[in-house]
Chemist: 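Before I ask anything, let me first share the structure, which is written out below as structure tokens.
Predicted model only: the values in this text are computed from it and were never measured. Lettering of chains follows the sequences in order, A, B, ..., and the numbering in each one begins at 1.
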Protein chains: 2
Amino acid sequence: MTSPLTHPAVEELELAVVLHAFSDPIRLQIVRMLADEGPRTCGTFVVPVAKSTLSHHFRVLREAGVTLTEPEGTQRVVSLRRADLDARFPGLLDAVLAAAPAPA
Amino acid sequence: MTSPLTHPAVEELELAVVLHAFSDPIRLQIVRMLADEGPRTCGTFVVPVAKSTLSHHFRVLREAGVTLTEPEGTQRVVSLRRADLDARFPGLLDAVLAAAPAPA
DNA sequence: CAAGTTGTTCGACGGATCTCGTACAATGGT
DNA sequence: ACCATTGTACGAGATCCGTCGAACAACTTG
């Protein structure tokens with residue numbers, strides 16, 4: 001609601017940063033939900049953390065270039081930057097998703 | 001030289017832990033060297049950190065299940081657990097290696 | 001305009017991480 | 001035996017990370 005929502009460009013994505021974004025159970029869960037059910041607003045993610053913590057994770061994912069966050073009224077729609085990730089790190093997202101928990 | 005060199009079993013490998021092991025530039029560099037030139041002793045890795053720091057990174061990689069460390073006289077031979085990683089997280093190692101720096 | 005909804009920001013806390021230098025252990029060679 | 005080589009273990013320090021609650025900002029709706 002304040003910041004200009006900065007996202008890194010495709011050529012700016014760094015492998016170590018993206019991997020670090022993936023290396024947290026909560027964020028992994030978020031990525032999995034995004035992959036399974038498409039873009040959603042922040043509030044629809046049911047994870048066992050406080051709202052501010054969830055906001056923190058969205059920032060990490062966004063700044064790493066994993067997700068795209070777009071304002072939409074009072075809410076924010078979060079989506080996976082699948083094409084960008086595939087272009088920069090071919091196969092990485094698929095491999096992570098294939099191995100991510102709760103594949104059911 | 002002291003510890004019994006514990007390695008996690010294949011079924012014990014955790015995605016978040018492995019990803020975290022990959023999410024450091026130095027360790028990424030180590031993994032790349034291992035993939036490119038096969039098993040090597042600890043001392044043959046030329047990285048810009050102190051010896052004790054390098055030892056720390058080897059421990060992180062080993063405990064995550066990324067590498068196998070075997071005593072060999074005074075030295076220790078480090079190798080990639082490629083088959084185990086592929087079995088547990090298909091495509092992950094390849095994707096990381098394909099995206100890792102210094103692909104030349 | 002007032003109130004409610006949605007999500008961020010801030011400060012704080014505990015714990016983990018990366019880094020180093022020094023000291024130590026284990027093996028091999030002289 | 002003694003020493004050199006190889007790598008680990010042990011603090012220690014600085015930084016970062018994940019977590020929370022409380023306060024704030026932005027937009028929608030009554």
Chemist: Report the end-to-end axis angle of the helix from C:dC1-D:dG30 to C:dT30-D:dA1; each axis comes from five terminal pairs, and the value is rounded to 10°.
Modeler: 10°
Chemist: Within a strict 4.5 Å, meaning less than it, do heavy atoms of the A:F58 and A:T67 side chains meet?
Modeler: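 A side-chain contact is absent here, since even the closest heavy-atom pair is not under 4.5 Å.
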Chemist: How far does CZ of A:R82 sit from CG of A:D94, to the nearest 0.5 angstrom?
Modeler: 6.0 Å
Chemist: Could you go through nucleotides 27-30 of chain C and list every protein N or O atom that sits under 3.5 Å from one of its N or O atoms, giving the distance for each pair?
Modeler:
from   : atom 1 : to    : atom 2 : distance (Å)
C:dT27 : O2     : B:T74 : OG1    : 3.2

Chemist: Where the side chain of A:R59 is concerned, which of C:dT9, D:dA9, C:dT8 is the nearest nucleotide?
Modeler: C:dT9
Chemist: Rounded to the nearest 0.5 Å, what separation is found between the CG atom of B:L15 and the CG atom of A:L28?
Modeler: 5.0 Å
Chemist: Given the rule in the side chain to side chain contact (heavy atoms under 4.5 Å, CB included) test, do B:V78 and B:R40 qualify, once you have shown the distances and angles that lead to the verdict?
Modeler: CA-CA 6 Å; B:V78 182; B:R40 356 183 3 179; over 6 Å; no
Chemist: Is there side-chain contact between A:V17 and A:L13, with at least one heavy-atom pair below 4.5 Å?
Modeler: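 Side chain of A:V17 against side chain of A:L13, heavy atoms only: no contact under 4.5 Å found.
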Chemist: Would you give the length of the straight line joining atom CZ of B:R88 to atom CD of B:E14, rounded to the nearest 0.5 angstrom?
Modeler: 8.0 Å
Chemist: Given C:dT8, is OP1 or OP2 found less than 4.0 Å from the side-chain N or O atoms of A:R76?
Modeler: yes
Chemist: Which heavy-atom pair separates B:L54 from B:F45 by the least distance, and what is that distance?
Modeler: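 Shortest heavy-atom separation between B:L54 and B:F45 comes out as CD2-O, 4.1 Å.
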Chemist: Protein-nucleotides 18-21 of chain D N/O pairs closer than 3.5 Å?
Modeler:
from   : atom 1 : to    : atom 2 : distance (Å)
D:dG18 : OP1    : A:R27 : NH1    : 3.4
D:dG18 : OP1    : A:R27 : NH2    : 2.7
D:dG18 : OP2    : A:R27 : NH1    : 3.4
D:dG18 : OP2    : A:H56 : NE2    : 3.1
D:dT19 : OP2    : A:H57 : NE2    : 2.5
D:dC20 : OP2    : A:A50 : N      : 2.6
D:dC20 : OP2    : A:T53 : OG1    : 3.0
D:dG21 : N7     : A:S52 : OG     : 3.2
D:dG21 : O6     : A:S52 : OG     : 2.9

Chemist: Does B:E11 CD have over 12 foreign heavy atoms under 6.0 Å away?
Modeler: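 More than 12 heavy atoms, drawn from other residues, nucleotides or ligands, come within 6.0 Å of this atom.
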Chemist: Let me confirm one number: the SG-NE2 distance from A:C42 to A:H57, rounded to the nearest 0.5 Å.
Modeler: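 If I round to the nearest 0.5 Å, the distance is 13.0 Å.
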